[in-house]
Amino acid sequence: MSENQILENYARKITPIERLLSMSPYAVVTMVVRIKGAVSESMLVHAVAQVRRRHSNLRVRIKEDNDHELWFTSEGAGEIPIAIVPRESEDHWIRVFHEACRVPFEFDTRPAIRFILVQSPAESELIIFCHHILCDGLSLAYLARDLMIHLGDPTREVEVLPDPVPIGRDTIPEDISMSGIAKFFINRINKQWEPTRVFFDQEDYRSIHEAYWANYTHQMLPVELSEAQTSGLVERCRRENVTVNTALTAAFVGAQVIVQGARPYHSSVGIAGSLRERLQEPPGEAMGFFAGMVTPRCTYNVKLDFWENARRFHRKIKPLYTDHKLFQELLTWCYLDPSILEAFHFKRLGALVSPDSPRYEKLSAFGKRTDVVMNLLKRQKMDALDRVFMGTAVTNLTRMDFPKMYGTLELDRLIMNPGGGFPLSTVNLVLGAVTCSGKLSLLIEWAEQAVDIKTMEQIKARALALLLEK
């Protein structure tokens with residue numbers, strides 16, 4: 001059997017954890033690859049074909065079976081969309097990104113990923129726009145490097161990765177378990193849901209996708225540190241006995257408090273962490289969702305020096321990076337009926353669906369219905385779109401030790417938008433960070449309906465002042 005035939009026969013059931021992200025309009029991870037040198041459409045098409053052979057998740061569509069279980073299958077999966085846009089300015093890619101957000105994925109017919117090259121002869125931005133169900137931030141960093149390899153050397157043979165084993169009960173560390181009492185309550189929730197269970201399809205997703213983007217506008221502000229600024233920040237963090245991750249968190253929490261005044265949600269922080277090396281079967285560099293989050297309460301004291309605040313944050317955050325803290329919530333999701341997890345997005349957004357939508361009656365009724373899904377959201381204070389429950393969500397991929405040159409092409413920097421599993425109006429600020437080619441790139445994202453751009457520009461300036469002031 002040829003390698004191509006082997007690659008065509010991939011199928012597996014989507015896990016409950018992945019179902020939490022399924023059909024979400026806002027759970028999109030984006031990696032922007034700034035490339036110096038000429039990249040043609042034919043070069044990109046060839047490179048995408050090569051990485052599609054390397055990564056299983058680039059060859060799948062989503063299929064629903066007769067029992068309403070969802071599957072990744074390569075059978076009948078269409079091509080990945082590739083678009084070329086002439087580059088008009090250095091920040092043109094931001095406008096292209098926002099336009100891409102408004103186009104729904106075709107989960108049932110092709111992989112939930114798109115490549116957009118914002119192209120000029122000397123410098124281009126390659127936007128990798130991928131739904132969270134297929135990837136985490138590290139997935140796209142590795143994918144960006146793989147693309148650069150095949151762009152720089154079109155004759156390079158593909159190294160096909162093993163199919164990754166997703167996070168589930170069998171791959172979570174053995175010492176992480178659920179108590180009998182917790183299982184009892186989860187079983188009770190599942191039984192309450194069963195007689196009133198609602199299932200959703202591609203048309204339902206299109207309806208809430210259109211409704212979400214008709215009502216909410218995301219905004220982004222990039223920050224591009226030079227090599228000197230990056231190395232200076234790393235050295236300062238070492239001297240102050242904190243990590244760069246902690247310093248970034250403290251700076252953006254502190255900047256919000258200084259600019260906006262203290263608000264209850266400012267101390268609620270979410271910090272993502274990779275789970276790849278903690279799993280029983282580590283996925284290595286394969287694509288997939290292998291991330292967790294710790295949620296410390298970090299109160300910024302404006303009367304103290306910034307670095308003292310950062311050290312206090314560090315003492316709170318560091319002890320949370322344990323298997324127990326990182327996997328406990330994921331384990332709970334493994335026992336919940338997956339259709340409950342998938343229903344969260346429809347419960348939140350059902351009321352936004354226009355009466356003109358073909359699924360208006362179904363989705364608006366479900367959005368208003370009091371049931372176990374509504375109760376779970378209320379318990380977490382996540383049932384209202386106009387209530388901010390988290391002040392700052394941070395994803396820092398840290399330093400990616402990738403080569404800088406690929407043939408005649410230079411990887412100038414990576415820029416990441418981590419997306420998330422929550423409507424952006426409920427998180428005051430999302431920060432994505434990645435260091436590549438010696439340069440730290442930050443991307444601030446927020447909902448225009450929650451914070452105006454002038455305020456966020458002040459927050460950005462203040463955070464950078466805290467981080468970089470001598």
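- Salt-bridge check for D146 with R54: passed, with a basic side-chain N closer than 4.0 Å to an acidic carboxylate O.
- Electrostatic pairing of R399 and D401 counts as a salt bridge here, judged by a charged N lying under 4.0 Å from a carboxylate O.
- Residues passing the salt bridge (charged side-chain N to carboxylate O under 4.0 Å, His left out) test with R206, sequence neighbours excluded: E203.
- Minimum interatomic distance between S207 and V353 (heavy atoms only, all atoms of both residues): O-CG2, 4.2 Å.
- Among residues two or more places apart in sequence or in another chain, the salt bridge (charged side-chain N to carboxylate O under 4.0 Å, His left out) test is passed with E79 by R52.
- Surrounding NZ of K325 are at most 12 heavy atoms belonging to other residues, nucleotides or ligands under 6.0 Å away.
- Counting heavy atoms from C-beta outward, L138 and S274 have side chains that approach closer than 4.5 Å.
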Self-check item: side-chain contact (heavy atoms from CB on, under 4.5 Å) assessment of I133 paired with I62
Solution: CA-CA 10 Å; I133 197 169; I62 295 176; 4.0 Å; yes

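- Counting heavy atoms from C-beta outward, V269 and T295 have side chains that stay 4.5 Å or more apart.
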Quiz prompt | Criterion side chain to side chain donor-acceptor pair (under 3.5 Å) on T246 and T243, from CA distance to verdict | solution = CA-CA 5 Å; T246 298; T243 63; 2.9 Å; yes

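- A cation-pi arrangement, defined by a distance under 6.0 Å to the six-membered ring centre and an angle within 45 degrees of its axis, is present between K347 and F366.
- Side-chain contact between T332 and I186 is present, with at least one heavy-atom pair separated by less than 4.5 Å.
- At a threshold of 4.0 Å, the pair D204-R359 counts as salt-bridged, since one of the basic side-chain nitrogens sits closer than that to a carboxylate oxygen.
- Both cation-pi conditions hold for R145 and F402: the charged atom is under 6.0 angstrom from the six-membered ring centre and inside a 45 degree cone around its axis.
- Scored by the side-chain hydrogen bond (donor to acceptor under 3.5 Å, both in side chains) test, S139 finds D136, R276 as partners (sequence neighbours excluded).
- Other residues, nucleotides and ligands contribute more than 12 heavy atoms inside 6.0 Å of the CD atom of Q458.
- R114 and E106 are not joined by a salt bridge, as no carboxylate oxygen comes within less than 4.0 angstrom of a charged side-chain nitrogen.
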Quiz prompt | Pair H345-Y26, side chain to side chain donor-acceptor pair (under 3.5 Å): steps then yes or no | solution = CA-CA 9 Å; H345 311 297; Y26 35 76; 3.0 Å; yes

Exercise. Output, in order, the C-alpha distance, side-chain angles, deciding distance and verdict of side chain to side chain donor-acceptor pair (under 3.5 Å) for S357 and E210.
Key: CA-CA 9 Å; S357 167; E210 181 180 350; over 6 Å; no

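- For CD of E277, the number of neighbouring non-hydrogen atoms (other residues, nucleotides, ligands) closer than 6.0 Å is 12 at most.
- Note: W213 and H218 have tilted aromatic rings, judged against thresholds of 30 and 60 degrees for the angle between ring planes.
- The shortest distance between side-chain heavy atoms of Y265 and M390 does not fall below 4.5 Å.
- Note on R95 versus D91: no salt bridge recorded, every NZ/NE/NH1/NH2 to OD/OE distance being 4.0 Å or above.
- Using a 4.5 Å cut-off on side-chain heavy atoms (C-beta onward), N187 and Y335 make no contact.
- For H150, there are no side-chain hydrogen bond (donor to acceptor under 3.5 Å, both in side chains) partners two or more places apart in sequence or in a different chain.
- Not counting sequence neighbours, Y142 has no partner by the side-chain hydrogen bond (donor to acceptor under 3.5 Å, both in side chains) test.
- E69 CD: more than 12 foreign heavy atoms inside a 6.0 Å radius.
- Between the side chain of S441 and the backbone N or O of L414, at least one donor-acceptor pair lies under 3.5 Å.
- Among residues at least two apart or in separate chains, side chain to side chain donor-acceptor pair (under 3.5 Å) pairs with a member in residues 162-182 are S56-D163.
- Shown here is R315, whose CZ atom has more than 12 heavy atoms of other residues, nucleotides or ligands within 6.0 Å.
- The heavy-atom pair separating I127 from F97 by the smallest distance is CD1-N, 4.3 Å.
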